[in-house]
Amino acid sequence: MAVPFITEVKRTHTCGQLTKANIGEEVVLFGWVQNRRDHGGAVFIDLRDREGLTQVVFEPDIAKEAHELAGQLRLEYCIGIKGKVASRGTQVNPKLKTGEIEIKATELTIFNRSEPTPFLVEDNIDTAEDKRLAYRFLDLRRKPLQQSLMTRSKMNAITRSYMVDNRFLELETPFMGKYTPGGARNFLVPSRLNPGKFYALAESPQLYKQLFMVAGFDRYFQIVKCFRDEDLRLDRQPEFTQIDVEMSFVTQDDIFTIIEGLIKKLWGEVLGIDVPTPFMRMDFYESMAKYGNDKPDLRFALEHIVLTDLIKQHGAGGGVPMMWEAVEQGGIVKAMVVPADKPMSRAESDKLEEFAKQNGAKGLARAKVGEGGEWTQSPLSKTITPALRQAINQACNAKTGDLLLFQFGRESLVHTVMANLRVHVAKKLGLIPEYGSGGVWKFLWVVNPPLFEYDEETKTWAAAHHAFTRPHDEDVQYLLTDPGRVKCHRYDVVLNGFEIGGGSIRLHDPKVQAEVFKALGISDEDARAKFGFLLDALKFGAPPHGGIALGMDRLAMLLTGAESLRDVIPFPKTKTGTDLMTGAPGDVDDKQLRDVHVRPVPLPQK
RNA sequence: GGGGAGUUAGUUCAGUUGGUUAGAACGCCGGCCUGUCACGCCGGAGGCCACGGGUUCAAGUCCCGUACUCCUCGCCA
């Protein structure tokens with residue numbers, strides 16, 4: 001009597017598949033109860049699987065038994081049904097792909113009942129994120145997450161086929177490697193067989209992929225997990241996925257072409273959008289000046305105006321002592337214009353100051369430009385000389401009603417505050433197009449950054465990227481005399497304010513390499529101890545090579561319009577790196593610790 | 001490590017200047033209903049107000065601390 005679902009009665013279709021072309025067919029669907037509408041006489045069920053929803057109707061005069069059982073159905077029961085596809089006549093549901101049909105059920109089996117779920121499995125969930133993470137397996141039943149993960153699967157497939165078509169080999173590298181200093185903090189794995197020693201989880205396959213080039217593999221790629229023990233953000237997880245690429249015998253442009261082709265294909269096949277190539281290129285220093293960071297969102301203007309030189313010219317006589325002092329102490333002065341056609345109330349601009357302070361600023365000087373170029377609503381207006389005011393107005397191309405925002409002081413802080421302010425204001429003014437409604441995709445390469453950064457704390461030069469980045473040939477002469485001047489073949493690919501990838505042409509000339517180490521204050525012995533195997537490798541006919549890594553999670557986030565990386569990672573971690581579902585990281589027992597020769601240090605009492 | 005926001009029913013939220021028995025919606029339970037698709041109608045259960053101190057005649061409400069979550073600066077070659 002009972003229909004043997006699964007063993008003999010096999011699924012014939014998914015829940016997103018049937019249309020009026022199938023009317024009259026006998027079908028079998030498996031899935032979950034998304035919704036029920038029990039009219040007593042007729043029971044309607046929306047059956048869900050990853051492909052969509054299909055309405056199933058149980059009526060007593062069609063199948064008495066199934067109808068009675070259907071009365072027991074509740075949300076999220078896992079069931080199988082058999083029945084006939086029928087037209088809904090005039091009662092179509094335009095919201096569903098399958099909205100023109102329904103299944104008149106003749107058989108029903110309940111595979112598994114469900115307790116009431118801690119939150120409703122629905123598309124537009126507003127449940128707190130920690131509860132969703134604690135029951136991630138339920139959260140993952142929701143359509144947006146299902147679609148994100150299906151998109152990721154597609155991205156992986158597209159990437160593999162594109163890379164393989166372009167002669168790339170997918171080669172694997174170890175997760176557990178040797179700790180190398182510098183860069184991100186590593187996760188450490190104690191070695192049981194080697195007491196007191198530790199592996200480091202790879203923060204990227206950087207060194208290994210260079211060795212592939214030395215070995216002659218020529219073109220390598222890998223979709224690979226990377227691990228970094230740094231603080232999390234909405235676009236940063238402790239473990240994340242990169243599309244890692246390395247190529248021999250190439251220039252920077254060759255790498256750009258490959259990556260532009262990949263992105264074009266991803267956007268084309270996933271979104272049906274044609275991304276124009278080649279991407280725009282912007283000098284690192286231009287990006288810092290105009291946007292305050294090296295990952296500008298070019299979907300809107302609101303460019304910064306650097307006023308440092310202007311303030312310098314007017315000197316102490318300019319009438320704005322605070323700006324003058326900032327410049328004298330080696331700082332910079334920047335301005336930004338909130339245009340008059342997007343007026344901002346006094347209260348709103350006061351909130352901007354709050355925002356600036358949250359980002360580390362001491363305050364936010366503002367001025368509203370009046371008819372004759374005079375400044376109002378500004379403490380600056382009392383002391384500033386007309387000449388400087390006019391010069392600033394001119395530099396900012398300020399018009400009546402514009403609101404000028406100023407930041408001055410330490411260069412890095414001014415950049416950070418103004419960069420965040422720029423994005424914040426753009427959001428407030430509605431300058432950023434919504435995803436989906438004609439979403440705008442502004443790709444660019446940020447190129448020619450400095451090879452070194454000056455570390456204020458240690459008063460030394462440090463590698464801005466890593467110690468194996470190739471400097472511009474014409475700058476090699478300054479490596480030791482003027483390190484800050486040396487630019488390098490490093491590049492970031494940026495989309496809508498997110499760094500989606502970065503890489504460099506590597507140093508393969510041992511002579512220049514030695515000079516770079518010298519500039520960094522790394523002795524031969526240090527270099528040998530830290531990077532010995534790579535230095536050795538470079539001595540044996542290493543080919544010129546370079547590469548790049550794209551952040552797969554960020555790409556997926558942008559492609560799907562997700563607001564957080566957590567929405568494109570199946571099992572993400574919280575801000576503090578915990579997994580609320582499994583409880584990781586968790587305690588281990590003493591024996592396990594003894595096995596790996598580790599003893600926890602008690603936390604200091606507060 | 002610094003700054004900010006939050007925590008009230010299973011979920012999302014409301015809760016007045018501190019003042020009787022802490023409310024609503026959805027979900028859940030029981031009943032009715034043959035054309036719903038946010039189904040509808042009737043009835044019901046469900047709360048250590050995150051935790052620990054304090055102020056007060058009286059604390060969900062005020063103060064201090066802790067935990068957790070989120071945002072952000074630092075950090076992330």
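Below, chain A is the first sequence line, B the second, and so on; all start at residue 1.
In this structure, Phe531(A) and Phe468(A) have perpendicular ring planes: the angle between them is above 60°, well past the 30° mark.
Residues Gln55(A) and Arg37(A) have side chains that bring a donor and an acceptor to within less than 3.5 angstrom of each other. Looking only at atom types and distance, the side chain of Thr173(A) has a donor-acceptor partner in the side chain of Gln222(A) under 3.5 Å away.
Using a 4.0 Å heavy-atom criterion, one finds that Thr576(A) contacts the sugar-phosphate atoms exclusively. Nucleic acid contact for Glu453(A): none, since no nucleic acid atom lies under 4.0 Å from a heavy atom of the residue. As judged by a 4.0 angstrom heavy-atom cut-off over every strand, Leu53(A) is placed among residues making no nucleic acid contact.
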Can you list, pair by pair, the side-chain donor-acceptor contacts under 3.5 Å of residues 574-584 of chain A, counting residues two or more places apart and other chains?
residue	atom	partner	partner atom	Å
Thr574(A)	OG1	Thr576(A)	N	3.3
Thr574(A)	OG1	Thr576(A)	OG1	3.3
Thr574(A)	OG1	Thr578(A)	N	3.3
Thr574(A)	OG1	Thr578(A)	OG1	2.7
Asp579(A)	OD1	Met581(A)	N	2.8
Asp579(A)	OD1	Thr582(A)	N	3.2
Asp579(A)	OD2	Thr582(A)	OG1	3.2
Thr582(A)	OG1	Ala584(A)	N	3.1

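The same atom, C1', is picked in U55(B) and in G10(B); the two are 35 Å apart, to the nearest Å. Rounded to whole Å, the separation between the P atoms of U17(B) and C49(B) comes to 22 Å. Separation of the C1' atoms belonging to A22(B) and U34(B) is 42 Å when rounded to the nearest angstrom. Atom C1' of G18(B) sits at a distance of 8 Å from the matching atom of A58(B), rounded to the whole Å. Using atom P as the reference point in both C71(B) and C28(B), the two lie 31 Å apart (nearest Å). Nucleotides A38(B) and G31(B) place their P atoms 26 Å apart, quoted to the nearest Å. With P as the reference atom, G1(B) and A45(B) are 48 Å apart, rounded to whole Å. A distance of about 12 Å separates the P atoms of A59(B) and G54(B), rounded to the whole Å.
For residues 200-212 of chain A, the salt bridge (charged side-chain N to carboxylate O under 4.0 Å, His left out) pairs, not counting sequence neighbours, are Lys209(A)-Asp244(A), Lys209(A)-Glu246(A). Within the structure, no pair that satisfies the side chain to side chain donor-acceptor pair (under 3.5 Å) test touches residues 82-98 of chain A, not counting sequence neighbours.
Nucleotide C62(B): paired with G54(B) (Watson-Crick or G-U wobble, both distances less than 3.5 Å). Nucleotide C75(B): unpaired (no Watson-Crick or G-U wobble partner with both distances less than 3.5 Å). The partner of A45(B) is absent, by the rule that a Watson-Crick or G-U pair needs both atom distances under 3.5 Å. U69(B): Watson-Crick or G-U partner is A5(B), with both key distances under 3.5 Å. Summarising the base pairing, U11(B) is matched to A25(B) through a Watson-Crick or G-U wobble pair whose two defining distances lie under 3.5 Å.
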For nucleotides 74-76 of chain B, tabulate all protein N/O to nucleotide N/O atom pairs closer than 3.5 Å, reporting atom names and distance.
residue	atom	partner	partner atom	Å
G74(B)	OP1	Thr416(A)	OG1	3.4
G74(B)	N7	Arg233(A)	NH2	3.2
G74(B)	O6	Asp231(A)	OD2	3.3
G74(B)	O6	Arg233(A)	NH1	3.2
G74(B)	N1	Asp231(A)	OD2	2.8
C75(B)	O2'	Glu230(A)	OE1	2.7
C75(B)	O2	Arg236(A)	NH2	3.4
C75(B)	N3	Arg236(A)	NH1	3.3
C75(B)	N3	Arg236(A)	NH2	2.8
C75(B)	N4	Arg233(A)	NH2	3.4
C75(B)	N4	Arg236(A)	NH1	3.2
C76(B)	O2	Arg236(A)	NE	3.4
C76(B)	O2	Arg236(A)	NH1	3.0
C76(B)	N3	Arg236(A)	NH1	3.0

Could you go over nucleotides 2-10 of chain B and give all protein N or O partners under 3.5 Å, atom names and distances?
residue	atom	partner	partner atom	Å
G10(B)	O2'	Pro118(A)	O	2.6

Atom pairs, protein N/O to nucleotides 44-51 of chain B N/O, distance under 3.5 Å:
none

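The interatomic distance linking His424(A) (NE2) with C71(B) (P) rounds to 16 Å, in whole Å. Straight-line distance from the CG atom of Asp126(A) to the C1' atom of C70(B): 16 Å, rounded to whole Å. Here U11(B) presents its P atom at 16 Å from CD of Glu76(A), a figure rounded to the nearest Å. Nucleotide U69(B) holds its C1' atom 17 Å from the CE atom of Met581(A), rounded to whole Å. When the P atom of U12(B) is taken as reference, atom CZ of Arg132(A) falls 11 Å away, rounded to whole Å. Between Lys573(A) atom NZ and C68(B) atom C1' the separation is 18 Å, expressed in whole Å. Between Leu138(A) atom CG and G27(B) atom P there is a gap of 17 Å when expressed in whole angstrom units.
Residues satisfying the ring pair (Phe, Tyr, Trp, His ring centres under 6.0 Å) test with Phe355(A), not counting sequence neighbours, are His424(A). By the ring pair (Phe, Tyr, Trp, His ring centres under 6.0 Å) test, Phe119(A) pairs with no residue at all, sequence neighbours left out. Listed by chain and residue number, Asp139(A) satisfy the salt bridge (charged side-chain N to carboxylate O under 4.0 Å, His left out) test with Arg136(A) (two or more places apart in sequence, or in another chain). Phe408(A) meets the ring pair (Phe, Tyr, Trp, His ring centres under 6.0 Å) test with no other residue; sequence neighbours excluded. For Tyr199(A), the ring pair (Phe, Tyr, Trp, His ring centres under 6.0 Å) criterion is met by no residue, not counting sequence neighbours.
Judged by the 6.0 Å distance and 45° axis criteria, Arg554(A) is not positioned over the aromatic ring of Phe498(A).
Salt bridge absent: Glu122(A) and Arg48(A) never bring a charged side-chain N and a carboxylate O closer than 4.0 Å. Looking at Glu129(A) and Arg566(A), a side-chain N of the basic residue comes within less than 4.0 Å of a carboxylate O on the acidic one, giving a salt bridge. Glu76(A) has no carboxylate O lying under 4.0 Å from a charged side-chain N of Arg74(A), or vice versa, which leaves the two without a salt bridge.
Where Leu75(A) and Ala464(A) each meet RNA chain B at their nearest nucleotide, the meeting point lying more 5' is that of Leu75(A).
In this structure, the side chains of Ser349(A) and Leu364(A) stay at 4.5 Å or more apart for every pair of heavy atoms.
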*Encode nucleotides 29-38 of chain B as B, S and - characters from 5' to 3', where the letter depends on protein heavy atoms closer than 4.0 Å: B to the base, S only to sugar-phosphate, - to neither.*
SS--BBBBBS
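The side chain of Ser564(A) contributes no N or O atom lying less than 4.0 Å from OP1 or OP2 of C70(B). Put simply, Thr574(A) has a side-chain N or O that comes within less than 4.0 Å of OP1 or OP2 on U69(B).
Candidate nucleotides U72(B), U12(B), U69(B) were compared by shortest atom distance to the side chain of Leu580(A), and U69(B) ranks first.
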